[in-house]
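Here is the structure we will look at.
What you see is a predicted model, and the numbers here were worked out from it, not measured in a lab. This chain uses plain numbering: 1 for the first residue, then up along the sequence.
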Amino acid sequence: MPYLYDFNLGSVTESSLWRSTDYGTTYEKLNDKVGLKTVLSYFYVCPTNKRKIMLLSDPDIESSILISSDEGATYQKYRLNFYIQSLLFHPKQEEWILAYSLDQKLYSSTDFGRKWQLMHERVTPSRFYWSVTGLDKEPDLVHMEARTADGHTHYLTCRIQECSETKRSGPFSRSIDINSLVVQDEYIFIQVTAGGRANYYVSYRREPFAQIKLPKYSLPKDMHIISTAENQVFAAVQEWNQNDTYNLYVSDTRGVYFTLALENVKSSRGLEGNVMIDLYEVAGIKGIFLANKKIDDQVKTFITYNKGRDWRLLKAPDTNLRGDPVVCQLPFCSLHLHLQLSENPYTSGSISSKETAPGLMVAAGNIGSELSYTDVGMFISSDGGNSWRQIFEEEYNVWFLDWGGALVALKHTSMPIRHLWVSFDEGRSWSKYSFTSTPLFVDGSLVDPGIETQIMTIFGHFSLRSEWQLVKVDYKPIFSRKCNKDDYQTWHLHNQGEPCVMGERKIYKKRKPGSQCSLGRDYSQTVVSEPCICGQGDFECDYGYERHNNNQCIPAFWFSPSSLSKDCSIGQSYLNSTGYRRIVSNNCTDGLREKYKAKMEKCPGKAPRGLHILTSDGKLVTEQGHNRTNIQLDFGDGIAVSYANFSPVEDGIRHVYKSAGIFQVTAYAENSLGSDTAVLFLHVICPVEHVHLSVPFVAIRNKDVNITAVVWPSQAGTLTYFWWFGNSTKPLITLESSISYIFSEEGMNTVTVQVAAGNTLIQDTKEIAVHEYFQSQLLSFSPNLDYHNPDIPEWRQDIGKVIRRALVTGIPDEQILVAVFPGLPTSAELFVLPRKNTTERRKSSEADLEQVVEILFNALNQNLVQFELKPGVEVIVYVTQLTLAPLVDSSTGHSSSAMLMLLSVVFVGLAVFLIYKFKRNPPPALPHQCSENSRRAQKSGYFQLQQICLNHRPENGKPLCSPSQKT
């Protein structure tokens with residue numbers, strides 16, 4: 001569809017529609033069929049019936065669609081009362097279409113666009129999906145992400161003809177983050193941010209949602225679903241310490257438990273700001289991926305043949321284009337490839353492979369120590385990436401014809417060209433052809449691989465101001481005959497000589513290089529496969545385990561294998577992992593399969609732990625009034641609004657309070673019969689979502705100990721603190737977040753703080769070791785630990801256990817405690833405690849402590865204390881300063897009572913004002929649970945206020961902000 005653009009008007013004033021029925025040999029202009037003055041904007045072909053075509057008019061001129069049922073020969077025009085931004089066709093039903101409007105409304109049609117029905121308003125762009133056959137019960141079910149009346153974003157489903165509010169359902173009970181819904185194959189993904197951290201959930205085959213389990217300290221900032229093929233999820237996760245790279249993770253079949261496949265994969269931004277991950281899945285052979293990994297500011301290309309378990313660099317070609325030997329020694333020099341798919345559908349992109357041509361890959365790249373963006377040539381592999389040959393010294397677009405039997409190349413340049421190159425022997429030799437007598441600025445090419453006619457259409461311009469030129473290139477005369485049995489050969493898939501790939505041996509039948517014969521439309525691939533015996537390379541480490549240099553899967557420092565049985569009830573059974581899991585879609589048999597298979601075990605009996613008691617709010621309903629009048633509303637925070645001819649609003653008047661506090665809200669109503677005023681003192685609070693109790697690890701008996709509760713968000717308004725010590729049944733109550741306390745009993749003492757905000761109550765509990773005396777030692781670490789330190793309490797606690805295990809050699813566990821301090825560089829304090837029941841013989845016990853300290857001090861000074869944080873990361877522990885106890889200085893930065901530095905975020909309060917009545921009635925009595933801080937002025941007239949919170953909801957689904965007064 002060519003367009004005429006008027007630079008004076010700044011818009012398209014004319015478009016034309018052309019149609020060809022002979023693969024581009026001749027064209028017929030169809031402007032009279034669609035209306036001579038109709039300006040077209042988009043062209044759609046029904047994916048399930050190519051005879052059906054839909055055209056959209058330019059929304060700046062009119063809103064209409066044109067429908068054809070005879071391959072574009074004739075059209076019917078239909079006016080619309082909304083403006084279409086995008087269309088989504090049903091994958092099976094050719095008549096069913098979803099239309100997304102410019103004002104964020106979703107419409108459905110069951111007659112190919114002739115009639116439309118509104119489904120939902122406030123739908124997120126590109127976050128609506130058709131049902132998946134075999135998974136959803138109804139074929140007309142639609143999944144969508146939309147804002148509901150409460151202002152929050154939800155995941156909703158409904159049928160296209162039954163999408164009223166009573167017919168919709170919410171498969172996930174709570175609100176979700178905007179732009180997070182993904183429905184892909186067997187999986188549905190959503191994101192929920194709570195406590196400042198993103199949590200991801202997945203539903204496999206429409207089962208209830210389960211929280212995705214990433215390694216404990218990945219702490220993702222961003223996550224993208226790369227692939228859901230073959231019952232497994234590939235996800236790119238940007239962790240807390242990454243900026244321009246992502247880590248690649250692979251899941252189990254259900255998409256719940258993820259393990260690391262490759263670190264620091266390069267990322268970039270597309271033309272529309274979308275994130276692009278440098279990961280490429282090779283078509284035609286399962287399990288093969290290419291990725292660009294960033295190593296010390298260099299980007300290098302790696303390949304895997306077993307879905308990310310093992311990666312290696314690409315071996316460079318043996319010779320260059322001139323036949324000269326290439327000197328390139330691994331791992332210092334290798335082949336590096338550009339892995340971006342083209343955002344232009346009419347170019348081939350920097351890398352391409354086809355299902356119809358297994359093992360054949362063409363890519364732009366370079367030979368050297370790292371990926372280059374200037375010295376770029378073209379390379380080809382005929383054996384699935386094991387070996388490569390250079391085919392051009394510059395970048396070209398390369399297309400596959402007739403199932404890969406021919407390759408067509410056009411130079412990728414901004415200059416006009418007139419030649420193309422064709423190869424029949426997988427790029428070993430090329431023939432040059434002229435496709436136009438006048439050089440053409442090429443915009444792209446239309447190629448339908450596998451069609452019998454072997455035709456491509458090249459389009460572009462002779463000059464920047466000329467009309468489009470279309471050049472039909474018919475390769476059929478070159479393919480002189482149909483292929484016969486003598487034109488085929490067998491090809492054995494392998495990985496550097498290893499014949500077993502993804503647990504099986506595969507033999508392909510493919511056309512011999514150089515055979516100029518046609519496979520045609522009815523060609524079918526022949527693949528012979530047989531399973532292999534399961535070996536080490538067929539298994540990846542299970543969730544919570546890491547592969548070390550000895551090829552063994554060992555639990556990560558943060559993971560306890562017994563934790564997987566925590567939801568198991570006595571009398572039941574559970575699968576106990578061996579630390580290994582067979583790679584998903586790997587077809588190996590026997591061998592190590594039984595050894596590494598998860599074992600069914602009886603659930604162990606356990607004492608109850610982690611018990612929580614929650615309370616829930618009710619809802620307040622007030623009768624709606626019907627007065628119409630002019631309203632002035634002052635929210636008390638410097639913002640006021642006015643409404644003319646005001647009438648009751650179902651969702652109320654919304655106002656966002658930027659901070660907590662007490663605000664005087666004033667309403668003034670006036671009409672021709674009089675006026676009225678109402679005043680309300682609104683107490684806006686943001687209940688704490690998280691509290692962390694900061695206590696010293698060790699304290700001196702009968703000495704003051706400072707204890708602090710750090711809450712999030714920090715500006716939550718008025719809070720009440722309840723402090724519980726030991727088994728006391730009476731708490732100490734304060735309005736301050738710190739308290740001083742004296743412990744009189746030796747041993748482990750429990751401290752619990754409860755923080756109350758409005759009707760929300762949360763708590764945290766810690767233990768303190770109380771002794772008459774002890775000794776302590778400040779520790780520091782090799783700098784590599786800082787890179788892996790996310791500076792959160794859980795990490796410090798887990799690392800403290802790792803350090804203690806590294807220190808303890810013949811010393812009882814209960815005598816050693818390690819406290820890791822907040823902040824960077826990472827530092828810690830080592831506490832050496834007296835043995836139990838040694839108070840009466842303190843003198844000899846102190847000598848024992850001196851002896852233990854001397855042993856540890858000598859080991860630390862000789863750099864004998866170290867631990868492996870993760871595979872390849874060895875951390876050394878050093879002595880920084882010796883501090884003799886019993887002094888425990890709570891005022892210093894490096895002490896056992898160091899204050900935790902937590903990220904504080906000011907939550908936004910959203911007040912919804914519903915103004916219903918303006919009668920001279922006395923205000924109703926306040927409910928008994930209302931705060932004494934809230935008082936209403938005794939004015940005539942009243943209105944109801946209901947408050948909710950924007951941006952965030954906690955795990956239990958309650959609003960983060962709630963008023964202390966509800967009337």
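Looking at heavy atoms from C-beta onward, Arg174 lies in side-chain contact with Val192 at the 4.5 angstrom threshold. Residues Val710 and Val691 form no side-chain contact, since every pair of their non-hydrogen atoms from C-beta on lies 4.5 Å or further apart. Inter-residue side-chain proximity for Asn243 and Lys221 is flagged as met; some heavy-atom pair is nearer than 4.5 Å. Side-chain atoms of Ile212 and Met223, non-hydrogen and from C-beta on, do get closer than 4.5 Å to each other. Inter-residue side-chain proximity for Glu829 and Phe821 is flagged as met; some heavy-atom pair is nearer than 4.5 Å. Residues Val705 and Val695 are not in side-chain contact: their nearest non-hydrogen atoms beyond the backbone lie 4.5 Å or more apart. Using a 4.5 Å heavy-atom cutoff, the side chains of Ser744 and Asn702 are in contact. Residues Ser218 and Tyr249 have side chains in contact (heavy-atom distance under 4.5 Å, counting atoms from C-beta outward).
Scanning all heavy atoms of the two residues, the minimum distance from Leu761 to Gln754 falls at CD1-CB, 3.9 Å. Between Ala756 and Phe722 the shortest heavy-atom distance is CB-CE1, 3.9 Å. The two residues Ser728 and Trp724 make their nearest non-hydrogen contact at O-CE3, 3.5 Å. Here the closest heavy-atom approach between residue Cys553 and residue Tyr545 is recorded as O-CD2, 3.8 Å. Closest approach of His788 and Pro790 over heavy atoms only: O-CD, 3.1 Å. When all heavy atoms are compared, the tightest approach of Phe725 to Ile707 is CE2-CD1, 3.7 Å.
The line from CH2 of Trp795 to CH2 of Trp240 is 8.0 Å long, rounded to the nearest 0.5 Å. Atom-to-atom distance recorded for Arg701:CZ and Ile742:CD1 is 12.0 Å, nearest 0.5 angstrom. Separation of atoms CD (Gln777) and CG (Leu860) is listed at 7.0 Å; rounding is to 0.5 Å. We find the CG-CG distance between Leu219 and Asn241 to be 9.0 Å, quoted to the nearest 0.5 Å. Residue Tyr773 holds its OH atom at 11.0 Å from CD1 of Ile700, rounded to the nearest 0.5 Å. For the atom pair Leu693 CG and Tyr721 OH, the distance stands at 11.5 Å (nearest 0.5 Å).
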Requested in this report: Start with the C-alpha gap between Val818 and Ile799, add the side-chain angles, then the distance that decides, and say whether side-chain contact (heavy atoms from CB on, under 4.5 Å) holds.
Outcome: CA-CA 9 Å; Val818 177; Ile799 286 296; over 6 Å; no
Requested in this report: Decide side-chain contact (heavy atoms from CB on, under 4.5 Å) for Leu817 and Phe774; before the verdict, give the C-alpha distance in whole Å, the side-chain angles of both, and the deciding distance to 0.1 Å.
Outcome: CA-CA 11 Å; Leu817 280 177; Phe774 60 86; over 6 Å; no
Requested in this report: Could you go through the side-chain contact (heavy atoms from CB on, under 4.5 Å) check for Thr750 and Thr765 one step at a time?
Outcome: CA-CA 7 Å; Thr750 301; Thr765 300; 3.5 Å; yes
Requested in this report: Check step by step if ring-ring contact (aromatic ring centres under 6.0 Å, His included) holds for Tyr543 and Tyr257.
Outcome: CA-CA 6 Å; Tyr543 174 76; Tyr257 292 99; 5.1 Å; yes
Query raised in the report: Given the rule in the side chain to side chain donor-acceptor pair (under 3.5 Å) test, do Ser738 and Thr708 qualify, once you have shown the distances and angles that lead to the verdict?
Result: CA-CA 4 Å; Ser738 298; Thr708 302; 3.1 Å; yes
Requested in this report: Begin with the C-alpha distance, continue with both residues' side-chain angles, and end with the deciding distance and a verdict on side-chain contact (heavy atoms from CB on, under 4.5 Å) for Gln775 and Leu856.
Outcome: CA-CA 12 Å; Gln775 287 207 12; Leu856 294 173; over 6 Å; no
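Crowding of Glu874 atom CD: a count of heavy atoms from other residues, nucleotides or ligands under 6.0 Å exceeding 12.
The main-chain N or O of Asn784 is never found under 3.5 Å from a side-chain atom of Ser782 such that the two would form a donor-acceptor pair. A donor-acceptor pair under 3.5 Å links the side-chain atoms of Asp177 to the main chain of Thr193, judged by distance alone. Remark: side-chain polar atoms of Asp791 are paired, donor with acceptor, to backbone N or O of Gly823 under 3.5 angstrom. Between the side chain of Thr880 and the backbone N or O of Leu778, at least one donor-acceptor pair lies under 3.5 Å.
Classified by interplanar angle (parallel below 30°, tilted 30° to 60°, perpendicular above 60°), the ring pair Phe557/Tyr217 is parallel. Between His690 and His692, the ring planes lie parallel to each other; the angle is under 30°, not in the 30° to 60° tilted range.
Listed by chain and number, the residues in a side-chain contact (heavy atoms from CB on, under 4.5 Å) with Leu824 are Asp786, Asn789, Thr826 (sequence neighbours excluded).
Using modelled atom types, one finds no donor on one side chain facing an acceptor on the other under 3.5 Å when comparing Thr153 with Ser175. No donor-acceptor contact under 3.5 angstrom links the side chains of Thr752 and Gln763, judged on distance only.
Of the residues Asn264, Thr245, Asn247, the one that meets the side-chain hydrogen bond (donor to acceptor under 3.5 Å, both in side chains) test with Glu239 is Asn247.
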